[in-house]
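Nothing fancy with the numbering, it's 1 onward along the sequence.
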Amino acid sequence: MELVFQDELNVRDQRRVERRRKLASFRDSKTLEDFDWAFNTSIKRQQFYDLAAGQFIRQRRDVLLIGPPGLGKSHLAQAIGQHAIKAGFLVLYRSIFDAVRELQAEASPAELNRALARYLKPDLLIIDDMGLKTLPPKAGELLLEIILRRYENRSTFMTSNRPIEEWGKLLNDASTATAILDRFLHHAEIIQMTGQSYRLNDAARHHELKNDGQKSNQQLLVLSKPAT
């Protein structure tokens, strides 16, 4: 009976994790275990495993990953979100563009409040892709509302391709960007990531393999020609 009872608890726990993963709306199923730590050695493995332990969520602190595209910021952010769900936390993942689009689509104040509630409830809110392009008008005000209401109440994890000095241009509103950063960075751990782009490296390797394959085919054609 004890084994049956434990098995039922395990099944229920797995179902809970799967439900929360679905609600989190991750873009990809990423883990820390499948991250290529050897490619950019400046990215410290232990630093991210410490974050994955979830203590910053319990302390209601924030995290900001800054670095150029292709370093794996989205991978790491989603992987930490996966660990947070396993630890029992509620998580929501959104790109900054999806978040702004969803909130701007709500017409009435009541609808906007209901939409905002989805961003305020999770223990960990992950906002990805800040800085890929300039955001639409009023986007800064929406982001400020989220940050203000989560400040010291819930944890927010953001990734950015641009330094914080440029957020005023991205949001088309320097004063709003200052207000966002003032709250968000107060209890935040800032991680500056450097290194080479995984995507550019993969593209170069794919191109090299393609060229090697073409050369091999050409050599085979030469060898297969009958002697005259």
Side-chain angles (χ1 to χ4, degrees), residues 6-35 47-66 72-106 109-130 135 139 141-160 180-181 183-191:
Q6 185 59 52
D7 185 61
E8 177 64 21
L9 289 178
N10 292 338
V11 170
R12 290 185 181 184
D13 185 63
Q14 185 60 36
R15 287 174 180 169
R16 176 185 58 82
V17 169
E18 290 304 320
R19 280 197 307 270
R20 291 189 174 186
R21 281 177 175 164
K22 186 176 180 179
L23 290 172
S25 300
F26 293 119
R27 188 162 55 197
D28 304 295
S29 299
K30 299 295 187 181
T31 68
L32 292 179
E33 288 72 23
D34 58 25
F35 188 81
Q47 189 173 28
F48 288 95
Y49 273 91
D50 288 344
L51 288 174
Q55 188 61 21
F56 80 99
I57 305 174
R58 299 180 185 94
Q59 295 173 344
R60 299 173 184 177
R61 299 176 66 247
D62 303 318
V63 177
L64 174 61
L65 297 188
I66 303 179
K73 297 186 298 299
S74 295
H75 182 143
L76 292 169
Q78 292 178 90
I80 288 171
Q82 296 275 8
H83 278 271
I85 287 174
K86 290 180 181 178
F89 296 110
L90 290 174
V91 178
L92 178 65
Y93 170 86
R94 286 289 189 275
S95 75
I96 184 63
F97 312 109
D98 288 339
V100 169
R101 189 182 304 113
E102 288 175 8
L103 295 172
Q104 286 187 332
E106 306 302 340
E111 289 172 335
L112 179 58
N113 283 332
R114 283 195 294 270
L116 279 171
R118 294 196 296 269
Y119 289 82
L120 303 178
K121 182 180 179 180
D123 303 298
L124 177 63
L125 172 64
I126 301 172
I127 300 179
D128 201 8
D129 296 331
M130 185 72 177
L135 293 167
E141 295 177 12
L142 294 170
L143 181 58
L144 176 60
E145 183 72 16
I146 293 171
I147 297 300
L148 282 175
R149 294 170 68 172
R150 291 184 63 85
Y151 174 63
E152 296 185 332
N153 291 309
R154 298 286 192 275
S155 292
T156 304
F157 192 118
M158 295 184 68
T159 74
S160 177
I180 290 170
L181 292 168
R183 268 71 169 190
F184 179 62
L185 298 182
H186 185 201
H187 301 300
E189 179 176 351
I190 304 174
I191 302 176

>> The test is side-chain contact (heavy atoms from CB on, under 4.5 Å); show your working for Ile146 and Leu125 and say whether it passes.
In response: CA-CA 10 Å; Ile146 293 171; Leu125 172 64; 3.7 Å; yes
>> Before you tell me yes or no, could you show the steps for Arg94 and Ile127 under side-chain contact (heavy atoms from CB on, under 4.5 Å), namely the whole-Å CA-CA distance, both residues' side-chain angles and the distance that decides it to 0.1 Å?
In response: CA-CA 5 Å; Arg94 286 289 189 275; Ile127 300 179; 5.6 Å; no
> Phe56 and Asp62: side-chain contact (heavy atoms from CB on, under 4.5 Å), yes or no, with the steps?
Replying inline: CA-CA 7 Å; Phe56 80 99; Asp62 303 318; over 6 Å; no
> Where do Lys121 and Leu90 land on the side-chain contact (heavy atoms from CB on, under 4.5 Å) test, with the steps shown first?
Replying inline: CA-CA 8 Å; Lys121 182 180 179 180; Leu90 290 174; 4.0 Å; yes
>> Evaluate Tyr49 against His83 for side chain to side chain donor-acceptor pair (under 3.5 Å), listing each step before the verdict.
In response: CA-CA 9 Å; Tyr49 273 91; His83 278 271; 5.9 Å; no
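Using a 4.5 Å heavy-atom cutoff, the side chains of Leu92 and Leu23 are not in contact. Looking at Arg21 and Gln82, their side chains come closer than 4.5 Å, going by heavy atoms from C-beta outward.
Taking the charged nitrogens against the carboxylate oxygens, Arg58 and Asp123 have no contact shorter than 4.0 Å, which rules out a salt bridge. A salt bridge links Arg27 with Asp129: the closest approach of a Lys/Arg side-chain nitrogen to an acidic carboxylate oxygen falls below 4.0 angstrom.
Atom CD1 in Ile57 sits 9.5 Å away from atom CZ in Phe157 (nearest 0.5 Å). Atom CG of Leu116 is separated from atom CZ of Arg150 by 11.5 Å, given to the nearest 0.5 angstrom. Here CD1 of Ile126 is found 7.5 Å from CD1 of Ile80. Values are rounded to the nearest 0.5 Å. For the atom pair CZ (Arg118) and CG (Asn113), the distance works out to 11.5 Å, reported to the nearest 0.5 Å. The CZ atom of Arg183 sits 14.0 Å away from the CZ atom of Arg149 when rounded to the nearest 0.5 Å. To the nearest 0.5 Å, atom CZ of residue Arg101 and atom CD1 of residue Ile96 are 11.0 Å apart.
Under a 3.5 Å cut-off, the side chain of Arg154 and the backbone N or O of Leu124 do not form any donor-acceptor pair. Here the side chain of Arg61 pairs no donor or acceptor atom with the backbone of Thr156 at under 3.5 angstrom. Arg20 places no side-chain N or O within 3.5 Å of a backbone atom of Ala84 that could act as its donor or acceptor partner.
Among Arg15, Gln14, Arg16, the single residue meeting the side-chain hydrogen bond (donor to acceptor under 3.5 Å, both in side chains) criterion with Glu18 is Gln14. The only member of Glu152, Arg60, Gln59 that meets side-chain hydrogen bond (donor to acceptor under 3.5 Å, both in side chains) when paired with His187 is Glu152. A side-chain hydrogen bond (donor to acceptor under 3.5 Å, both in side chains) with His75 is found for one member of Asp34, Thr31, Asp28 and no other, namely Asp34.
Residue Gln47 comes nearest to Ile191 through the heavy atom pair NE2-CG1, 3.7 Å, listed as atom of the first residue, atom of the second, then distance. When all heavy atoms of Val91 and Gly81 are compared, the pair lying nearest together is CG2-O, 3.8 Å. When all heavy atoms of Leu64 and Phe184 are compared, the pair lying nearest together is CB-CE2, 3.7 Å.
Counted by atom type alone, Glu102 and Tyr119 present one or more donor-acceptor pairs between their side chains at under 3.5 Å. Donor-acceptor pairing under 3.5 Å is lacking for the side chains of Asp128 and Ser95.
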